[in-house]
Amino acid sequence: MKYASSCLLSVLLIALLINNGHAQNPIIRNQFSADPSARVFGDRVFLFPSHDILAAEGKGRISWFCMEDYHAFSSANLTEWTDHGVIVTQNKVPWVKPDSYSMWAPDCIERNGKYYFYFPTAAYDTVKYGRGFTVGVAVADKPEGPYIPQPEPIKGIGGIDPNVFIDKDGQAYLYWSSGNIYGAKLKANMLELDGEVKTMGELPTKGLKEGPYLFERNGIYYMTYPHVENKTERLEYAIGDNPLGPFKIAGAIMDESPTGCWTNHHSIIQFRQQWYLFYHHNDYSPKFDKARSVRADSLFFSADGTIKKLTPTLRGIGITNASKQIQVDRYSALSNIGASIEFIDTLDKFKGWKTLLSEPEAWVQYNTVNFGKKALKTVLVNASTSTGGTLEIHTGSINGPVFATVTIPKTNGFQIIKAPVATFKPGIQHLIILLKNKQQVAIDWVSFQ
Ligand code: FUB
């Protein structure tokens with residue numbers, strides 16, 4: 001009995017740790033997440049974000065950032081993300097003020113088989129460690145931990161948003177921000193600064209800069225950072241020939257959020273020949289921008305090495321398997337009329353979104369679905385409608401073949417409706433769902449068997 005219940009507990013725990021999310025944006029769907037630092041370790045992408053929670057009486061500062069711990073996540077296919085649970089928490093680090101709720105933007109890197117996790121936060125002893133933020137390190141043998149925090153923060157840093165980089169010659173660098181962006185060499189132990197701290201004075205002098213993220217591509221060093229050029233942060237970059245600059249301002253990577261999320265914070269990686277930008281937006285919390293969620297989109301470079309400006313998408317990255325629940329509300333394109341997206345439950349936004357189709361020929365398009373090679377026979381639509389409705393499912397384009405026609409009767413809330421596949425097309429296809437008549441149908445997800 002004891003064994004059976006412990007087995008059940010393990011199964012439940014594993015189920016909990018598998019973040020039910022897919023690679024549509026936001027990619028982390030079981031909690032708020034921000035300031036994503038993505039890293040390729042082995043054949044997986046690991047993600048080390050901040051973990052926003054909501055402040056309450058006696059817990060953080062109301063209406064401000066509130067963060068008590070960090071989770072690590074990973075994915076082998078950029079589609080399914082595993083939540084490895086808490087890796088560092090404020091009351092288990094000896095020098096951290098245990099009720100500061102200030103575990104801000106972290107970073108992580110591997111060196112000689114050890115993983116070094118850098119995090120900025122407030123110390124309890126302001127005389128010894130200074131007021132405001134400083135940066136600590138926790139070390140692990142595996143990227144998902146367990147991480148052992150060092151007993152003291154790194155000496156010589158007052159600031160936030162640590163970013164770590166190891167150059168091709170093995171020299172490691174640490175960057176951080178405190179109004180300006182600063183950088184210094186790290187000693188081989190990865191735990192101490194080595195030599196003088198350089199101020200990146202060549203970056204914009206007006207408007208807040210923070211969240212430095214340095215990477216190298218084809219001999220160009222890219223210093224990237226959020227900067228308030230106008231009202232809120234936009235992602236910008238500067239380029240140079242050396243990890244500590246000097247850098248030349250090169251342009252914007254992503255414009256300010258059109259919906260006013262004040263912060264943005266990012267990282268850039270190459271995984272299996274494709275470059276990706278990880279960043280954040282307040283998708284699950286449209287009215288409060290201190291509760292953010294990690295997103296990812298593909299990033300492209302021009303032949304001269306400049307970064308092509310990226311327009312954020314909901315579709316995100318990765319190939320979605322047709323047999324999974326495809327959340328078409330994370331669309332690639334929507335018809336101009338009769339199509340909109342709403343939360344399924346405004347009281348529990350983590351339940352996600354639904355697509356509302358309400359005019360004849362209204363449609364939603366979701367790109368890059370892998371239908372595989374073997375003929376799929378059935379389409380499942382999780383839909384809700386008080387009028388009933390007929391949906392046509394196309395692949396390729398809106399004028400592409402009708403994959404299936406789904407007649408949905410009036411439903412009592414969301415119901416899964418099945419219909420046969422008419423014309424199966426194998427391989428990776430765009431998926432389009434079109435409403436045929438003047439009815440109103442809400443779609444949660446579609447899936448194929
Ligand atoms: O997440 C808290 C702070 O907001 C980060 O440290 C900044 O980069 C900004 O994203």
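All residue numbers in this chain count up from 1 along the given sequence. Every number for a ligand or one of its atoms is a count from 1 in the order of the listing.
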*Looking only at heavy atoms, what is the nearest atom pair of I181 and E210, with distance?*
CD1-O, 4.1 Å
Between ligand 1 and the protein, find all N/O pairs closer than 3.5 Å and give the distance for each.
| unit_1 | atom_1 | unit_2 | atom_2 | d |
| --- | --- | --- | --- | --- |
| ligand 1 | 1 (O) | D35 | OD2 | 2.5 |
| ligand 1 | 1 (O) | R292 | NH1 | 3.3 |
| ligand 1 | 1 (O) | R292 | NH2 | 2.7 |
| ligand 1 | 4 (O) | R292 | NH1 | 3.2 |
| ligand 1 | 6 (O) | D161 | OD1 | 2.4 |
| ligand 1 | 8 (O) | D161 | OD1 | 3.4 |
| ligand 1 | 8 (O) | D161 | OD2 | 2.7 |
| ligand 1 | 8 (O) | H265 | ND1 | 2.7 |
| ligand 1 | 10 (O) | D35 | OD1 | 2.7 |
| ligand 1 | 10 (O) | R292 | NH1 | 3.3 |

_Qualifying side chain to side chain donor-acceptor pair (under 3.5 Å) pairs with a residue from residues 158-173, counting only residues at least two apart or across chains_ = D107-N163, D167-Y221, K168-E216
*With sequence neighbours left out, write down each residue that passes side-chain contact (heavy atoms from CB on, under 4.5 Å) with E110, or none if nothing qualifies.*
F41, Y115
*asked:* Working note: Y366 + Q327, criterion side-chain hydrogen bond (donor to acceptor under 3.5 Å, both in side chains); need CA distance, chi angles, decisive distance, verdict.
replied: CA-CA 9 Å; Y366 182 99; Q327 306 287 340; over 6 Å; no
*With side-chain contact (heavy atoms from CB on, under 4.5 Å) as the test, would you mind laying out the steps for H84 and F46 before giving the verdict?*
CA-CA 10 Å; H84 297 285; F46 277 80; 3.9 Å; yes
Side-chain donor/acceptor pairs under 3.5 Å, residues 233-246, sequence neighbours excluded:
| unit_1 | atom_1 | unit_2 | atom_2 | d |
| --- | --- | --- | --- | --- |
| E233 | OE1 | N264 | N | 2.9 |
| R234 | NE | E236 | OE2 | 2.8 |
| R234 | NH2 | E236 | OE2 | 3.4 |
| E236 | OE1 | H227 | ND1 | 3.1 |
| E236 | OE2 | H227 | ND1 | 2.8 |
| Y237 | OH | I307 | N | 2.8 |

